[in-house]
There are 4 protein chains.
Amino acid sequence: MKPRSSMSEPAGLFDGVLARGDVQTRLSDAAWLAALLEVEAALARAGAAAGIVPAGAAAAIDAACDAKAFDVADLSAAATASGNPVVPLVQRLRSIVPDHVAPYVHKGATSQDIMDTAAMLVAHRALVPLLADLRGAADSAAGLARAHRDTVMAGRTLLQQAVPTTFGLKAAGWMVGLDEAATRLAEVRATRLAAQFGGAAGTLAGLGGAGVDVAARLAAELGLAAPVLPWHAIRTRPVELACALGEAAGVTAKVSRDVTLLAQNEVGEVSEETPGGSSVMAHKRNPIAAVSAAACAAQAPGLVATLLAAMAHEHERAAGAWHAEWRPQRELLVATGSAVAWMRDCLEHLVVHPEAMRANLDPLLGRLGGYAGAPDVGLAGPLVDRALAARPDREGPREDRPKGREESGGRDE
Amino acid sequence: MKPRSSMSEPAGLFDGVLARGDVQTRLSDAAWLAALLEVEAALARAGAAAGIVPAGAAAAIDAACDAKAFDVADLSAAATASGNPVVPLVQRLRSIVPDHVAPYVHKGATSQDIMDTAAMLVAHRALVPLLADLRGAADSAAGLARAHRDTVMAGRTLLQQAVPTTFGLKAAGWMVGLDEAATRLAEVRATRLAAQFGGAAGTLAGLGGAGVDVAARLAAELGLAAPVLPWHAIRTRPVELACALGEAAGVTAKVSRDVTLLAQNEVGEVSEETPGGSSVMAHKRNPIAAVSAAACAAQAPGLVATLLAAMAHEHERAAGAWHAEWRPQRELLVATGSAVAWMRDCLEHLVVHPEAMRANLDPLLGRLGGYAGAPDVGLAGPLVDRALAARPDREGPREDRPKGREESGGRDE
Amino acid sequence: MKPRSSMSEPAGLFDGVLARGDVQTRLSDAAWLAALLEVEAALARAGAAAGIVPAGAAAAIDAACDAKAFDVADLSAAATASGNPVVPLVQRLRSIVPDHVAPYVHKGATSQDIMDTAAMLVAHRALVPLLADLRGAADSAAGLARAHRDTVMAGRTLLQQAVPTTFGLKAAGWMVGLDEAATRLAEVRATRLAAQFGGAAGTLAGLGGAGVDVAARLAAELGLAAPVLPWHAIRTRPVELACALGEAAGVTAKVSRDVTLLAQNEVGEVSEETPGGSSVMAHKRNPIAAVSAAACAAQAPGLVATLLAAMAHEHERAAGAWHAEWRPQRELLVATGSAVAWMRDCLEHLVVHPEAMRANLDPLLGRLGGYAGAPDVGLAGPLVDRALAARPDREGPREDRPKGREESGGRDE
Amino acid sequence: MKPRSSMSEPAGLFDGVLARGDVQTRLSDAAWLAALLEVEAALARAGAAAGIVPAGAAAAIDAACDAKAFDVADLSAAATASGNPVVPLVQRLRSIVPDHVAPYVHKGATSQDIMDTAAMLVAHRALVPLLADLRGAADSAAGLARAHRDTVMAGRTLLQQAVPTTFGLKAAGWMVGLDEAATRLAEVRATRLAAQFGGAAGTLAGLGGAGVDVAARLAAELGLAAPVLPWHAIRTRPVELACALGEAAGVTAKVSRDVTLLAQNEVGEVSEETPGGSSVMAHKRNPIAAVSAAACAAQAPGLVATLLAAMAHEHERAAGAWHAEWRPQRELLVATGSAVAWMRDCLEHLVVHPEAMRANLDPLLGRLGGYAGAPDVGLAGPLVDRALAARPDREGPREDRPKGREESGGRDE
């Protein structure tokens with residue numbers, strides 16, 4: 001399979017197959033560290049705007065929030081004692097800034113405020129390429145639907161030939177599914193990914209009356225939604241994200257299944273333009289993009305279940321269920337992001353073989369008997385037209401540049 | 001625990017605990033059979049309106065769709081050979097109507113059209129009491145938030161006392177979570193529960209050009225959404241329903257956890273008005289509604305995963321993945337419906353003990369040292385006010401009476 | 001599909017497809033009620049043998065434990081208040097026996113003792129037909145392996161033809177998987193399904209020193225393992241059962257997948273002897289047993305996850321996680337039992353088409369080029385011989401007749 | 001929390017909390033690469049022993065299998081085209097060895113042979129510290145049971161005080177659960193972790209008659225079980241591993257739950273010796289080991305479900321379901337390994353407060369009324385004795401040194 005320019009360099013042993021697409025770099029420890037620091041910086045700026053942090057202190061904190069001064073392994077090691085990496089990150093940050101600024105670092109916040117907001121920020125950004133790939137896959141499906149509006153083939157139910165259909169209608173079904181998943185995911189991204197700010201127990205204590213104002217400004221700084229209340233222990237937001245990802249993965253799994261079935265030698269109705277080879281079987285033309293998409297997508301349902309099962313947080317912060325979200329949420333973004341990246345590859349390079357479709361159809365027409373002349377594909381064509389016409393208007397999410405970061409140049413993505 | 005008037009009679013051995021609330025009767029085999037017949041009847045009426053079924057035939061079919069003429073066990077036994085109960089149901093229906101009407105029964109439909117539409121209809125109806133209970137629980141949480149706006153208590157993180165908060169703020173958090181889950185579930189109900197009509201392979205063959213019109217009329221007859229394409233193998237709709245149910249169950253699990261923790265003897269900050277007893281321990285006052293809610297809710301995540309994992313349907317109808325949805329979807333509605341019914345019970349009858357909250361808080365205040373005088377609960381009060389003010393405007397879903405059924409009296413719910 | 005003599009009458013609407021095999025009747029409410037009463041009766045007899053219950057009282061209790069005197073719906077309704085159906089069952093039992101006997105009913109037990117032991121007893125019995133079907137399926141696979149030891153066909157990887165193999169080797173792979181799942185399940189049944197007896201908090205209080213003796217006798221009475229300690233809150237036993245069921249379902253899913261793929265029209269290498277029809281497509285020959293097996297098996301992984309996630313029981317009895325096991329455990333037994341029953345049907349009636357296998361292989365041989373003459377199937381034949389020779393010696397579990405029940409006639413199964 | 005000498009350096013941001021214990025280093029990409037190369041080397045040696053690879057060629061291959069000559073990122077990038085990292089690894093290996101040796105590299109093997117065997121080898125090694133931690137935790141629980149055989153406390157059911165018990169009996173329950181999980185896991189390790197060797201389609205073609213001999217020798221070289229047949233598409237072995245890990249995680253979750261509940265301020269019956277602090281709440285003493293154990297364990301059930309759901313492999317090698325195992329299997333080992341490492345920490349440093357247990361018990365004794373004098377803890381003491389006496393004899397798994405590697409020094413762990 002030829003290299004794609006936008007692909008980030010895979011690093012892990014399985015990543016060439018299971019961590020595909022630009023989504024991956026946005027989920028790295030480096031991306032996470034950057035996000036944690038952006039949240040601390042945004043909090044300082046929000047505090048300044050709300051009048052509870054001196055402007056100079058905010059500027060000093062903002063300047064100190066430079067990832068180069070922090071080491072992930074150190075933070076991780078120190079997190080063993082504190083239970084999360086924000087505690088040592090704040091300690092380090094306070095040690096960098098001038099002494100009189102230190103009290104304004106992390107002002108009014110609790111570790112979970114920073115972690116949750118960073119998780120949302122990371123997801124918000126990872127969804128940009130993920131949605132682009134998902135919509136790219138849908139666009140390719142739309143192209144296939146249009147191009148093959150009248151390409152007859154056997155419709156198959158329970159893996160048995162049933163009655164004629166068209167490849168255009170099949171592709172239109174894929175398109176609708178991919179579009180629906182994208183619509184839901186974009187909706188979650190726009191409305192449910194929120195900043196978190198509540199302080200130690202969610203009361204916004206320690207900021208006088210300014211807490212609500214700071215919370216709103218923090219969200220605005222980061223381009224995230226502002227929640228009505230802190231949601232430390234009410235995990236509807238992470239699970240709506242998880243579910244939307246699970247839906248996208250599931251649609252991808254369906255398309256993958258169809259492609260691998262159609263690509264069987266005995267069927268031969270589609271192939272991938274640049275199939276994968278085999279070290280020992282030169283004749284094989286594996287539909288590697290579809291296979292890889294299926295492999296990635298298969299990891300999603302269990303991860304969604306983990307996040308749903310972790311909703312029973314105790315009181316104001318959970319005794320484990322919160323920490324339990326971190327890896328599964330990342331794995332779910334990796335898996336779904338990779339699945340849709342592979343699926344976009346697959347559909348953009350799918351080769352359709354109408355003659356094989358027709359050849360496989362003929363015996364069915366014979367069995368059907370009554371079908372003399374043109375195969376009866378019902379309203380397949382008009383249905384394709386209708387589905388294409390009904391596609392959602394949409395703008396891909398633009399990368400939201402946090403306010404006030406423009407001057408700092410390349411730290412934003 | 002005193003009987004609740006709206007409770008349907010439990011039938012199964014575990015149902016007294018695990019199948020609570022009016023949602024259950026709407027998920028019974030009787031409800032399913034009624035729905036299957038309503039879909040066949042609505043299809044005949046839709047066909048008549050679209051001009052492809054004689055009005056008299058439609059009326060005859062409509063009249064024949066009477067559950068009394070059908071036996072669930074017979075249908076189930078016959079389904080063994082055909083793979084689903086619609087095949088024998090249609091055979092029986094054709095045997096009941098006059099011979100010249102028989103060809104108009106199930107006109108243009110495939111079994112999955114009827115099953116999927118019935119599943120959506122059943123869910124649409126089951127969600128009426130489920131949403132009522134979910135919103136009832138949220139209303140009770142709102143009442144608690146309002147009543148205890150200024151009731152101080154210890155905020156607890158990682159199951160350790162952290163800083164002061166109020167019970168009002170805790171209850172407001174519950175309310176927001178329950179409201180959010182209800183909002184999402186109502187949205188899915190209103191926009192994603194759709195009729196299914198595509199015929200054998202989704203092409204709407206066999207109806208001339210009328211298929212799209214029939215599909216639209218079928219949806220309108222039943223009060224369901226009309227999809228742009230048949231969705232036999234694109235399962236975004238069932239999984240969005242499943243995920244919304246999983247979210248509702250998860251919020252319920254969170255509230256349950258808090259209630260059972262607060263009700264511990266050593267904490268004693270809440271109790272249930274009519275706790276469950278024990279056959280051998282007369283002194284026990286089990287918070288049985290919260291415990292049962294937790295038990296019901298715990299079943300949801302795995303079922304959601306099953307439905308997500310079943311999305312990879314093959315071609316135009318799956319070789320197993322479709323049938324795999326039936327029991328898990330029902331179980332998920334039962335589990336979530338029961339969880340929210342118990343939670344409503346729990347919150348409507350929750351007894352709060354402010355004096356215990358205060359007594360447990362005192363040692364924390366001592367440890368905190370700096371807290372002289374009134375406990376510092378930050379903005380807990382204003383946050384409660386704000387959350388109450390921001391509650392969603394909503395109308396509970398009204399029972400949608402299928403058009404044309406008015407005359408037939410009591411068959412509708 | 002022709003009726004199978006051993007099939008119990010399906011009752012539920014989906015049961016014809018999703019609740020197949022004799023396992024179902026052993027999981028019914030009636031079976032559960034019988035098991036609950038058998039446990040109470042066995043407990044009384046164990047108490048008598050241990051010298052803490054008068055022989056006459058034990059006999060009276062034993063006689064009163066007649067399911068005809070109990071109503072499931074009543075118990076279920078009453079369970080709403082108590083949290084489980086054992087509380088009202090014990091009350092009823094005490095009301096039936098003479099007053100002086102009543103104190104000996106449920107002597108030293110807690111509700112969970114009875115529920116858990118009954119659950120194990122129900123599973124122990126349900127596994128008899130389940131294991132018979134699983135081993136029957138393995139035997140059929142063995143027969144196919146033997147019969148088709150030298151039947152050449154295309155080996156397929158990533159759904160692409162790879163190199164030649166034999167159908168015998170494929171069937172031997174199925175056999176090994178089914179045998180391994182059966183071995184593990186039989187092992188769990190023999191060693192891990194245990195009686196539960198600990199009293200209110202697992203201390204065996206209230207029986208003087210006789211508790212351990214009573215516990216051992218109770219297990220022996222019921223043919224269950226005797227645990228070293230009560231396991232009210234240590235759920236290794238239910239999850240080992242669940243995992244073994246999940247494994248059996250997973251192997252079944254694999255075989256189903258292969259059969260449905262081989263049965264595709266374009267492949268045509270196997271078919272089911274009595275395929276399912278279609279109401280609208282007379283030409284179709286759906287491999288309904290394989291499809292149904294897949295549908296049943298697909299429900300297992302999520303249910304296993306539910307039971308694993310429910311292991312975190314609080315203290316001496318969980319605040320919800322215990323009750324959360326009841327429905328999923330039953331559903332898992334139903335799903336797996338049905339999957340293996342369908343799989344046995346499928347394999348016992350599988351028609352193999354060697355000529356189609358050979359015809360599909362020829363183009364592959366052409367692509368492989370070097371393969372002149374007989375296809376090179378390596379050691380496929382000797383591997384089949386080896387696998388057949390290595391099959392586990394096993395005796396199907398015999399129905400364990402609880403001691404002391406012989407005289408009561410037909411209540412045992 | 002004080003550093004533990006055996007702890008590997010955490011690298012990832014979440015790893016300080018979620019990737020604890022020596023198990024982690026054995027799951028790294030470096031460990032995987034080493035295992036892949038060891039399998040190729042062992043295969044060459046096995047071939048030499050079986051007479052199909054010249055001794056000199058085997059020695060050359062063995063020498064070339066040095067991780068320093070390979071780059072994980074390169075392999076991963078190349079895996080994108082081939083679908084797995086073994087294809088480029090073999091290419092590289094062939095380029096390193098002399099030309100006349102190259103044909104003997106990977107002789108008779110397919111990529112999955114190497115990946116599956118390496119996965120088993122990695123798991124086999126990762127289980128050494130994991131089992132040591134699990135048994136260490138059980139030993140600590142045993143110590144607690146012995147030390148607190150007669151320490152009375154309140155038994156609690158449904159989170160309500162029920163009747164008296166002892167902390168010794170509670171700890172004995174933990175011990176039994178941990179021991180049972182270890183027993184099962186050790187059994188899976190010893191009997192179910194097997195080498196994989198079948199060639200392109202599992203027929204052992206291309207090795208003349210030597211294939212079975214090579215397969216047996218490969219297994220022996222690596223200290224893995226020798227399967228009766230290749231298991232490329234029969235995934236009972238990976239799922240038995242997964243389930244045993246899920247069981248261990250589940251028991252850990254139970255103990256964590258108990259510890260966090262007992263450590264509540266209002267209960268105060270246990271504490272951790274070196275609790276975690278808080279950046280903003282100096283007074284807090286979070287039971288960080290128990291909390292972290294719970295967080296790690298909560299990730300297991302979903303991952304087990306993923307692996308169970310991935311069992312439906314197509315034909316001789318799956319179109320996605322195989323690749324889908326790689327990340328979840330690793331995540332599951334990380335999660336479970338971390339959970340048990342934290343649990344061992346927790347129990348080794350658990351501080352028990354008998355006086356608080358007694359103080360919390362007194363009001364219960366009052367409510368119980370009848371309990372004058374010493375609390376009635378039934379047979380708690382004898383049950384503890386009995387459980388301690390029944391502990392399994394066991395030897396920890398020794399690190400199996402692959403035969404023939406002794407001379408190469410430090411590459412083995």
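Values in this document were obtained by computation on a predicted structure and should not be read as measured data. In what follows, every chain begins at residue 1, and chains take the letters A, B, ... in the order their sequences are listed.
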For A:Phe70, look at atom CZ and say whether over 12 heavy atoms of other residues, nucleotides or ligands are found less than 6.0 Å away. yes
What donor-acceptor contacts under 3.5 angstrom involve side-chain atoms of residues 297-311 of chain D, with partners at least two apart or in another chain?
residue, atom, partner, partner atom, Å
D:Gln299, NE2, D:Ala295, O, 3.2
D:Thr306, OG1, D:Gly302, O, 3.0

Between [options], which has the largest tally of heavy atom pairs under 4.5 Å with chain D?
options                                : result
A:Pro328, A:Ala335, A:Gly199           : A:Pro328
A:Arg257, A:Glu331, A:Glu314, A:Arg330 : A:Glu331
A:Ala79, A:Gly83, A:Ala253             : A:Gly83

Counting only N and O atoms by type, is there a donor-acceptor contact under 3.5 Å from the side chain of D:Ser76 to the main-chain atoms of A:Gly12? yes
Report which part of [X] has an atom under 4.5 Å of a heavy atom belonging to chain A: side chain, backbone, both, or neither.
X        : value
D:Val334 : side chain
D:Asn84  : backbone
D:Ala321 : neither
D:Glu325 : neither

Once you measure the plane-to-plane angle for A:Phe14 and D:Trp326, does it fall in the parallel (<30°), tilted (30-60°) or perpendicular (>60°) bin? tilted
Could you walk me through whether D:Arg327 and A:Val17 pass the side chain to side chain contact (heavy atoms under 4.5 Å, CB included) check? CA-CA 11 Å; D:Arg327 282 179 83 114; A:Val17 181; over 6 Å; no
Would you name the heavy atoms of D:His323 and A:Val291 that are closest together and state the gap between them? CE1-CG1, 3.9 Å
Please give me the minimum heavy-atom distance between A:Gly320 and D:Ala294, naming the atom from each residue. CA-CB, 4.4 Å
Quick one: what part of A:Ser292 sits under 4.5 Å from any heavy atom of chain D, side chain, backbone, both or neither? neither
Do D:Leu13 and A:Pro85 make a side-chain contact, defined as non-hydrogen atoms from C-beta onward lying under 4.5 Å apart? yes
Roughly how far, to the nearest 0.5 Å, is the CG atom of A:Asn286 from the OG atom of D:Ser82? 10.0 Å
